[in-house]
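Step one of this worksheet: look at the structure below.
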Amino acid sequence: MDLEASENDSVVTKFVLLGLTESPALQPILFVIFLLAYVATVGGNFSILAAILMEPKLHTPMYFFLGNLSLLDVGCITVTVPAMLRHFISNDRSIPYRACLSQLFFFHLLAGTDCFLLTVMAYDRYLAICQPLTYSTRMGWGIQQALVGMSCVFSFSNALTQTVALSALKFCGPNVINHFYCDLPQLFQLSCSSIQLNELLLFVAAAFMGVAPLVLITVSYVHVVAAVLRIRSAEGRKKAFSTCGSHLTVVGIFYGTGVFSYMRLGSGEASDKDKGIGVLNTVISPMLNPLIYSLKNPDVQGALQRVIMGRRPP
């Protein structure tokens, strides 16, 4: 245990991440699997971004937000997976205290921005389908930038608040985290000081960054569904639903894993379920998002084909 004396107290200077498994035989296999997942995620999201930049048809607000979402997905997986890969091939599973806080900060910064951006994308679909005549003015270039900027500012404020509040806690030992990255629920369990304020801050953050966006997304799509059902053409309804289905799938995965991760603060010891949800949230979801958004979207598929084959758009 890495402790140092400070005013007659023992203070943790490093944490130990147990990771996904302690089996030496499984670690090389998991290293290859997660390395491939990381490469696929980075490659897939940057391919989506390149397609959006190169294809004039995709120079619309919806794809501007999707490009930002791709950057966030690359950031989210980069915060957690490279460190996990290092632990798979090294006997040293320790992470310095400051590095743990940094990982926590950037994870909440990126995941929080993801929350708000998914809400913005739902609002964009609402305007496009329910208010088409005013869409171009109400979703102009300046407004798009402002919405992304506000998402970043709100998320930065929350990530900084959570990290500073956590840094005020005392960690006297033990210092073993039963997870593969540093996050609030696991660190709360190791604190030897009161976490009431931290739990309150997390509750407020969950309401502001989880419940409120989810309510706004739900309200937006209630209006969208009502508007789409009024379309007489079956082809028109299909096209409208196809542009929303991908986003709703991503929202479902993102919020489903988030609720499971942060609504179990009083559940005691971390379990393998927490690790599984962590993998789904930080690895599988960012890897699937490019596939989800391109699977039923002929414009994105055509742009991706031109990017891969090196052809210019017509």
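Excluded from the calculations below are hydrogen atoms, water molecules and symmetry mates; all remaining heavy atoms, backbone and side chain alike, are included. In this text the structure is predicted, and so the values were computed from the model without any measurement.
With rounding to the nearest 0.5 angstrom, the CG atom of Leu49 is 9.0 Å from the CG atom of Leu66. Here the CG-NZ distance, from Asn178 to Lys275, works out to 4.0 Å after rounding to the nearest 0.5 Å. Rounding to the nearest 0.5 angstrom, the gap separating the CE atom in Met84 from the NE2 atom in His179 is 10.5 Å. For the atom pair CG of Leu166 and CG of Leu202, the computed distance is 10.5 Å after rounding to the nearest 0.5 Å. In this structure, the separation between OG1 on Thr113 and CG on Leu72 is 5.5 Å, given to the nearest 0.5 Å. Put simply, CD1 on Ile217 and OG1 on Thr119 are 4.0 Å apart, with the number rounded to the nearest 0.5 Å.
A donor-acceptor distance shorter than 3.5 angstrom exists from the side chain of His59 to the backbone of Leu53, with no hydrogens or angles considered. A distance-only check finds no donor-acceptor pair linking the side chain of Asn158 to the backbone of Phe154 [under 3.5 Å]. A side-chain donor-acceptor contact under 3.5 Å links Ser155 to the backbone of Leu109. Without hydrogens or angle criteria, Gln162 side chain to Leu201 main chain gives a donor-acceptor distance under 3.5 Å. Under the 3.5 Å distance criterion, the side-chain polar atoms of Arg93 are left unmatched by any main-chain donor or acceptor of Val16. Remark: the backbone N or O of Ala165 is paired with a side-chain donor or acceptor of Asn198 at under 3.5 angstrom. Formation of a donor-acceptor pair under 3.5 Å by the His87 side chain with backbone atoms of Leu17 is not found in this model. In this structure, Asn45 contributes its side chain and Thr41 its backbone to a donor-acceptor pair below 3.5 Å.
Val79 and Val39 fall within a single hydrophobic cluster, where Ile, Leu, Val, Met, Phe, Trp and Tyr side chains are chained together by heavy-atom contacts under 4.5 Å. In the hydrophobic cluster analysis, where Ile, Leu, Val, Met, Phe, Trp and Tyr join through side-chain heavy atoms closer than 4.5 angstrom, Leu214 is grouped apart from Leu216. One hydrophobic cluster, built from ILVMFWY side chains closer than 4.5 Å, holds both Ile129 and Ile143. Taken together through direct or relayed side-chain contacts under 4.5 Å among Ile, Leu, Val, Met, Phe, Trp and Tyr, Trp141 and Met121 form part of one hydrophobic cluster. Residues Phe208 and Met150 share a single hydrophobic cluster, defined by chaining ILVMFWY side chains whose heavy atoms lie under 4.5 Å apart.
Between His223 and Tyr221, the gap from one ring centroid to the other reaches at least 6.0 Å. Between Tyr293 and His247, the ring center distance fails the sub-6.0 Å criterion.
Of all heavy-atom pairs between Ala83 and Gln103, the closest is CB-NE2, 4.3 Å. For the residue pair Gln144 and Pro61, the shortest heavy atom distance occurs at NE2-CG, 3.3 Å. Taking each heavy atom of Pro132 and Cys130 in turn, the nearest pair found is CD-C, 3.3 Å. Nearest heavy-atom pair across Leu71 and Phe46 is CD2-CE2, 4.1 Å. The shortest heavy-atom contact between Asp73 and Asn289 is OD2-ND2, 2.9 Å. Across all non-hydrogen atoms, the minimal contact from Pro213 to Ala207 is CD-O, 4.4 Å.
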Exercise for review: For the pair Ser23 and Thr21, evaluate side-chain hydrogen bond (donor to acceptor under 3.5 Å, both in side chains) and give the outcome as yes or no after the intermediate values.
Suggested key: CA-CA 6 Å; Ser23 170; Thr21 181; 4.7 Å; no
**Study point:** Steps toward side chain to side chain contact (heavy atoms under 4.5 Å, CB included) verdict (Phe15, Leu190)
**Key:** CA-CA 10 Å; Phe15 293 103; Leu190 300 181; 4.0 Å; yes
Point to revise | Worked verdict on Val228 versus Val225 for side chain to side chain contact (heavy atoms under 4.5 Å, CB included) | key: CA-CA 5 Å; Val228 170; Val225 170; 5.7 Å; no
**Study point:** Worked verdict on Phe180 versus Val279 for side chain to side chain contact (heavy atoms under 4.5 Å, CB included)
**Key:** CA-CA 9 Å; Phe180 61 92; Val279 170; 3.8 Å; yes
Exercise for review: Take Val283 and Ile77 through the side chain to side chain contact (heavy atoms under 4.5 Å, CB included) test and state the conclusion after the steps.
Suggested key: CA-CA 6 Å; Val283 182; Ile77 197 170; 4.2 Å; yes
Point to revise | side-chain hydrogen bond (donor to acceptor under 3.5 Å, both in side chains) between Asp124 and Tyr135, worked out | key: CA-CA 8 Å; Asp124 172 77; Tyr135 177 68; 2.5 Å; yes
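Between Leu187 and Ile177, some side-chain heavy-atom pair lies under the 4.5 Å cut-off. Residues Ile253 and Ser285 form a side-chain contact, since some pair of their non-hydrogen atoms from C-beta on lies under 4.5 Å apart. At least one side-chain heavy atom of Phe64 sits under 4.5 Å from a side-chain heavy atom of Val148. Taking 4.5 Å as the limit, some side-chain heavy atom of Phe65 sits within range of a side-chain heavy atom of Leu147. Side-chain contact between Val251 and Phe254 is absent, with no heavy-atom pair separated by less than 4.5 Å. In this structure, Thr13 and Pro96 have side chains that are not in contact, with every pair of non-hydrogen atoms separated by 4.5 Å or more. Using a 4.5 Å cut-off on side-chain heavy atoms (C-beta onward), Leu160 and His108 make no contact. Taking the side chain as every heavy atom from C-beta outward, Ile48 and Tyr63 never approach each other to under 4.5 Å.
Every disulfide bond (SG atoms under 2.5 Å apart) that Cys182 has, sequence neighbours left out, goes to Cys100. Judged as a side-chain contact (heavy atoms from CB on, under 4.5 Å), and not counting sequence neighbours, the contacts of Arg138 are Tyr123, Leu127, Gln131, Thr134.
Remark: Arg98 CZ is loosely packed, at most 12 non-hydrogen atoms of other residues, nucleotides or ligands lying under 6.0 Å away.
No hydrogens or angles considered: a donor-acceptor pair under 3.5 Å links the side chains of Asp92 and Ser94.
Among Phe116, Phe105, Phe106, the one residue that satisfies the ring-ring contact (aromatic ring centres under 6.0 Å, His included) test with Phe156 is Phe105.
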